[in-house]
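Single-structure report; data block below.
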Number of protein chains: 2
Amino acid sequence: MILSPVSEAHLDRAFAALADPVRRAIIARLSRGAATVNELAEPFEISKQAVSKHIQVLELAGLVSRTRDAQRRPVHLEAARLEAMTAWIDRYRLAAEQRFRSLDAVLERTTQPAIQADATTPITDKEQQS
Amino acid sequence: MILSPVSEAHLDRAFAALADPVRRAIIARLSRGAATVNELAEPFEISKQAVSKHIQVLELAGLVSRTRDAQRRPVHLEAARLEAMTAWIDRYRLAAEQRFRSLDAVLERTTQPAIQADATTPITDKEQQS
DNA sequence: CGTTTAATCAACGTATTAGTTGATCAAGGA
DNA sequence: TCCTTGATCAACTAATACGTTGATTAAACG
């Protein structure tokens with residue numbers, strides 16, 4: 001699976017886009033299939049124009065795209081951008097968890113030296129990357 | 001692995017927190033280990049106060065925590081909240097990809113336009129975006 | 001004590017955001 | 001053609017976000 005590099009500006013917009021409950025609800029809805037602006041606006045109390053703006057925000061973030069069907073403009077989810085977000089998060093989450101497990105091993109070894117029979121866990125060094 | 005439920009407000013704050021390149025850089029740095037405000041501020045051109053505010057934003061989002069060590073207040077990454085974010089995204093990303101694969105299968109199966117049983121998924125479209 | 005170091009608080013300017021209402025455009029259908 | 005439908009544009013307001021500088025707290029050190 002090839003993941004195209006996403007610029008910092010793209011990440012800015014993607015994370016900002018999901019920082020709104022209305023937009024997250026739109027994403028959730030679109031995961032079940034494409035929908036028009038009217039359909040997407042229906043569950044909300046806010047105006048249709050406001051929903052249209054939310055969709056523009058999502059589109060600028062690369063999270064959705066639009067096609068044309070007569071006077072309707074169905075909105076589609078772009079899973080690739082969602083994947084780019086999880087890829088960013090996981091990169092650092094997994095590094096931190098790995099580091100945490102290594103630290104755990106060290107603590108266990110130093111506080112109870114007698115019980116320690118397994119020394120296969122790497123202790124030091126792990127850094128680098130931008 | 002038990003994932004504690006995260007409120008909508010928490011997701012709001014967590015996604016908003018990552019929608020800033022400075023804060024993402026802080027997260028990246030913390031994935032390699034805890035750091036003080038001064039250490040975190042060093043790579044940036046902005047004032048230390050501004051970095052302090054960024055850390056507060058991350059803390060309010062549950063993405064970092066702070067302990068106390070004399071007059072230093074080391075900042076630690078909270079991987080659990082990062083995981084909650086990927087869990088949210090993956091829920092809908094995987095659903096969409098699943099749906100997409102099913103649609104693919106349908107298209108492959110019916111090279112000739114057979115009876116359309118499900119009208120919720122438009123077939124004639126073409127994705128593209130910058 | 002007084003000083004240094006680490007960090008936050010307070011007040012402020014500016015930019016961006018989310019919402020509103022009213023007008024407009026664009027594609028069908030009568 | 002005129003009318004309806006789907007959606008966007010334009011202008012405006014209120015609230016929030018990001019950065020600044022200057023003052024302040026709090027612990028450690030001499």
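Within every chain, numbering begins at 1; the chains are lettered A, B, ... in the order of the sequence lines, protein sequences first and strands thereafter. These figures come from a predicted structure and were not determined experimentally.
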Without decimals, in angstroms, what is the distance between [X] [atom1] and [N] [atom2]?
X	N	atom1	atom2	answer
B:F15	C:dA18	CZ	P	15 Å
A:K48	C:dG19	NZ	C1'	16 Å
A:H54	C:dT20	NE2	C1'	12 Å
A:E45	C:dG19	CD	P	12 Å
B:D12	C:dA18	CG	C1'	13 Å
B:Q56	C:dA7	CD	P	13 Å
A:L60	C:dT17	CG	P	10 Å
B:D20	C:dT16	CG	C1'	13 Å

## Note on the structure
Taking for B:T36 and for A:D69 the nucleotide of DNA chain C with the nearest heavy atom, the one nearer the 5' end belongs to B:T36
### Query
Considering heavy-atom distances to DNA chain C, does A:Q49 or B:R72 have its closest nucleotide positioned more toward the 5' end?
B:R72
### Task
Look at B:N38 and C:dA7 and indicate whether a side-chain polar atom (N or O) is within less than 4.0 Å of OP1 or OP2.
yes
### Rounded distance [0.5 Å steps], OG in B:S52 versus CG in B:L40
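One finds 10.0 Å between OG of B:S52 and CG of B:L40.
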If you look at every heavy atom in [X] and [Y], which pair is closest and at what distance?
X	Y	answer
A:T86	B:D90	CG2-OD1, 3.4 Å
A:R23	A:A17	NE-O, 2.7 Å
B:Y92	A:L77	O-CD2, 4.2 Å

### Query
Is the base of C:dT20 touched by the side chain of A:K53 through a donor-acceptor pair closer than 3.5 angstrom?
yes
### Task
Could you check A:K53, A:R66, A:R13 and say which one makes a salt bridge (Lys or Arg N to Asp or Glu O under 4.0 Å) with A:E59?
A:R66
### Task
Using the rule that two of Ile, Leu, Val, Met, Phe, Trp, Tyr join whenever any of their side-chain heavy atoms come within less than 4.5 Å, decide whether A:V64 and A:F44 are in one cluster.
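Both belong to a single hydrophobic cluster.
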## Note on the structure
So side chain to side chain donor-acceptor pair (under 3.5 Å) across residues 40-50 of chain A, not counting sequence neighbours, yields none
### Message
Distance under 4.0 Å to a non-hydrogen atom of chain A counts as contact; along DNA chain D, which nucleotides mark the start and end?
### Response
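Listed 5' to 3', the contact boundaries are D:dT5 to D:dA11.
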